[in-house]
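Both backbone and side-chain heavy atoms feed into the values below; hydrogens, waters and symmetry mates do not.
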Amino acid sequence: MVLLAAAICTKSGKAIISRQFVEMSKSRIEGLLAAFPKLMSTGKQHTFVETESVRYVYQPLEKLYMLLITTKASNILEDLETLRLFSRVIPEYCKVMEESEIFENAFQLIFAFDEIVALGYRENVNLAQIRTFTEMDSHEEKVFQAVRQTQERDAKENMRKKAKELQQKRTDAARRGLSPGFGGGFGSSSAGSVMSNAGLADTYEPPPVKPAYTAPSRPSGPSKAMKLGGKGKDVDSFVDQLKSEGQEVTTGNKTKATAVNKVATPAANTESVHMRIEEKISVAAGRDGGLSNMEVHGIIMLMINDDAMSKIRVKIDNRDKTGIQLQTHPNVDKKIFQTEAVIALKNPAKPFPLNTEIGVLKWRFQTQDESFMPLSINCWPSETASGSDVNIEYTLEQEHLELTDVVITIPLPTGVGSPLINECDGQYNYDKSRAKLEWQLPLIDKSNKSGSLEFSINGGHADDFFPVTLNFISKKSYCDLTVADVQDQETRSSIKFSTDTVLFTDRYEVL
């Protein structure tokens with residue numbers, strides 16, 4: 001089929017949006033759309049009309065028409081199938097079939113149209129693929145964000161340790177009578193030398209020296225000179241007052257700390273042979289208990305930067321007890337992997353690619369048994385005379401995991417004000433623009449495997465607080481696959497290698 005244009009128009013032929021897939025002037029498309037209502041026969045129900053040059057394939061959408069303009073030589077069955085796909089795309093972006101709603105989402109609709117047709121020919125896509133392509137959901141971006149959050153958290157921890165060390169040094173210096181202001185600079189060397197030589201004053205007579213400059217004595221009483229940080233308390237109280245009123249305040253110190261974090265973020269210490277173990281988990285659980293579906297997809301990526309280490313064997317330690325499905329790369333010897341759990345190329349003389357990250361092993365786990373969930377969430381909303389009371393609790397089901405940067409997001413009814421938090425383990429953040437309450441927990445492990453959040457809100461009913469979504473990252477693998485050893489292909493001697501592991505959520509919902 002050759003599709004000339006796709007348009008959404010009114011019953012009078014006025015074009016709301018139109019996407020041309022071949023070279024066509026504006027006057028030409030306007031003329032074709034204006035002629036369309038005149039060709040329709042009253043009292044007859046058809047899905048297409050034809051002229052001497054083109055064919056109109058259409059479907060009514062309440063007060064509008066979804067219209068395709070094709071050549072007469074196109075296959076009418078394919079035209080109708082394409083028309084149905086176009087008609088299913090529109091409700092994905094428009095809640096009501098009105099002209100104003102179409103205008104508001106015009107660009108999203110045009111982008112979706114471009115995914116269906118390219119250069120006049122239908123692409124082999126379905127509605128789910130169109131949604132994925134237009135959202136531009138990037139798996140690599142999620143991994144990058146997860147790794148960056150971990151690095152930023154490590155950098156903050158290092159900053160806190162350094163701050164404690166500096167504070168301890170200042171305290172010790174104050175106890176010894178030293179000036180805490182510039183003790184870490186050049187002044188500390190002279191002060192330290194005076195103290196270390198104080199005990200030798202009785203036995204050592206210094207040689208005569210030239211008279212030194214004597215600074216004028218300071219007048220007693222309060223100084224009127226400018227002091228750096230002298231009004232810190234007043235500024236802090238003013239900032240706290242702004243924050244209590246709901247204003248977002250960014251101070252210079254915070255900006256500086258962010259810059260320090262970026263500089264002080266440590267780069268991953270990788271060897272010439274580096275392996276990245278990556279897992280993403282998707283969970284759809286029921287609000288009344290039970291697990292609709294859970295999937296874990298994992299992969300081991302291998303990166304070699306040294307030509308001398310390109311011919312290797314990788315020993316895998318598989319401690320998984322869930323029954324995962326393993327799949328090796330086509331160039332990996334499957335027999336050796338099945339018998340020895342070793343990743344090696346089919347041709348031993350052939351090296352692994354250099355400076356290229358390649359996937360050598362994939363695995364997949366799927367279940368509907370809720371005992372395999374890493375974290376269970378119980379959300380219990382109760383309607384009262386004044387509104388709703390909501391109790392939420394989490395429980396860590398897999399105690400070998402350490403979940404970090406955990407965020408549990410609860411949707412809230414709109415137009416009823418902010419929630420009143422009665423009890424909260426961790427921190428919370430109310431996003432007024434999105435009408436969501438974010439429950440933030442920096443770490444969940446076996447030492448704090450459960451926690452709860454309780455809040456009240458005016459109005460709403462049980463369905464307003466679902467779906468509850470969960471996001472987290474972890475440096476431990478769910479399926480418990482690790483790299484035990486890396487050996488030279490010929491000598492079988494061990495080679496130094498490095499690994500990093502990340503587990504993150506792809507989609508985790510309580511529906």
Side-chain angles (χ1 to χ4, degrees), residues 137-152 154-155 264-281 295-320 322-365 400 473-504 506:
D137 191 14
S138 174
H139 170 67
E140 288 77 8
E141 182 182 2
K142 288 183 177 179
V143 175
F144 171 77
Q145 294 292 347
V147 173
R148 194 176 81 170
Q149 289 176 3
T150 303
Q151 291 179 342
E152 289 179 353
D154 294 341
T265 301
N269 295 323
T270 59
E271 302 292 340
S272 298
V273 178
H274 180 72
M275 273 158 291
R276 178 165 57 89
I277 303 173
E278 175 186 305
E279 283 183 334
K280 64 176 180 179
I281 183 170
E295 288 188 13
V296 179
H297 294 269
I299 189 171
I300 295 181
M301 305 293 291
L302 172 64
M303 169 76 84
I304 301 177
N305 298 324
D306 190 350
D307 189 21
M309 301 180 182
S310 59
K311 297 179 181 180
I312 58 173
R313 293 158 48 96
V314 181
K315 176 71 175 177
I316 302 297
D317 185 10
N318 184 2
R319 300 179 185 177
D320 176 70
T322 59
I324 61 175
Q325 301 175 5
L326 296 170
Q327 181 182 8
T328 59
H329 190 278
N331 292 334
V332 172
D333 195 327
K334 294 183 180 179
K335 293 183 179 179
I336 295 179
F337 180 76
Q338 292 172 356
T339 56
E340 304 178 22
V342 171
I343 297 176
L345 294 178
K346 293 179 181 178
N347 185 3
K350 185 178 179 180
F352 281 97
L354 285 177
N355 302 318
T356 303
E357 193 175 41
I358 59 171
V360 294
L361 179 64
K362 292 182 179 180
W363 61 91
R364 177 176 177 269
F365 172 66
H400 72 280
I473 59 175
S474 176
K475 289 186 177 181
K476 292 190 176 181
S477 167
Y478 176 87
C479 296
D480 206 6
L481 264 74
T482 58
V483 179
D485 192 17
V486 176
Q487 300 175 347
D488 186 87
Q489 179 68 35
E490 298 177 356
T491 63
R492 297 293 193 273
S493 59
S494 296
I495 295 176
K496 194 173 182 181
F497 67 96
S498 59
T499 61
D500 66 75
T501 304
V502 60
L503 165 68
F504 63 96
D506 184 32

Q: Please assess F497 against I495 for the test side-chain contact (heavy atoms from CB on, under 4.5 Å), listing each intermediate value before the final yes or no.
A: CA-CA 6 Å; F497 67 96; I495 295 176; 5.7 Å; no
Q: Under the side-chain contact (heavy atoms from CB on, under 4.5 Å) rule, what do L326 and Q338 come out as? Steps first, then yes or no, please.
A: CA-CA 10 Å; L326 296 170; Q338 292 172 356; over 6 Å; no
Q: Would you check, one step at a time, whether the test side-chain contact (heavy atoms from CB on, under 4.5 Å) holds for I300 with I316?
A: CA-CA 10 Å; I300 295 181; I316 302 297; 3.9 Å; yes
Q. Does the side-chain contact (heavy atoms from CB on, under 4.5 Å) test come out yes or no for V486 and M275, once each step is laid out?
A. CA-CA 10 Å; V486 176; M275 273 158 291; 3.5 Å; yes
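The backbone N or O of P330 sits less than 3.5 Å from a side-chain atom of K346, completing a donor-acceptor pair. In this structure, T356 contributes its side chain and L354 its backbone to a donor-acceptor pair below 3.5 Å. The backbone N or O of K280 sits nowhere less than 3.5 Å from a side-chain atom of H297 that would complete a donor-acceptor pair. Put simply, the side chain of E278 never gets that close to the backbone of V143: no donor and acceptor are under 3.5 Å apart. Not one N or O on the side chain of S493 forms a donor-acceptor pair closer than 3.5 Å with the backbone of D488. Remark: side-chain polar atoms of K315 are paired, donor with acceptor, to backbone N or O of E340 under 3.5 angstrom.
A 4.5 Å side-chain heavy-atom check between I277 and L503 finds every atom pair outside the cut-off. Looking at heavy atoms from C-beta onward, L361 lies out of side-chain contact with V314 at the 4.5 angstrom threshold. Contact check for M309 versus F352: no side-chain heavy atoms found under the 4.5 Å cut-off. In this structure, the side chains of D306 and E271 stay at 4.5 Å or more apart for every pair of heavy atoms. Between R276 and D500 the shortest side-chain heavy-atom distance falls below 4.5 Å.
Residues D317 and A484 come closest through the heavy atom pair CB-CB, 4.0 Å. The two residues H274 and S498 come nearest to each other via the heavy atoms ND1-OG, 2.7 Å. Residues G298 and E279 share a closest heavy-atom pair of CA-CG, 3.9 Å. Of all the heavy atoms in L481 and W363, the pair that sits closest is CD2-CE3, 3.9 Å. Taking each heavy atom of D485 and S494 in turn, the nearest pair found is OD2-OG, 3.1 Å. Considering all non-hydrogen atoms of both residues, Q489 and A344 come closest at OE1-CB, 4.2 Å.
I358 contributes atom CD1, which lies 8.0 Å from atom CG of N331 (distance to the nearest 0.5 angstrom). Here the CG-CG distance, from N355 to N305, works out to 5.0 Å after rounding to the nearest 0.5 Å. Interatomic distance, CG of N318 versus CD1 of I324, reported as 5.0 Å (0.5 Å rounding). Distance CZ/F365 to CG/D320: 7.5 Å, rounded to 0.5 Å. How far CZ of R364 is from NZ of K362: 12.5 Å, rounded to the nearest 0.5 Å. Expressed to the nearest 0.5 Å, how far OG1 of T328 lies from NZ of K335 amounts to 13.0 Å.
Counting heavy atoms of neighbouring residues, nucleotides and ligands inside a 6.0 Å radius, atom CZ of R492 exceeds 12 of them. Applying the 6.0 Å contact sphere to CD of Q145 captures more than 12 heavy atoms from other residues, nucleotides or ligands.
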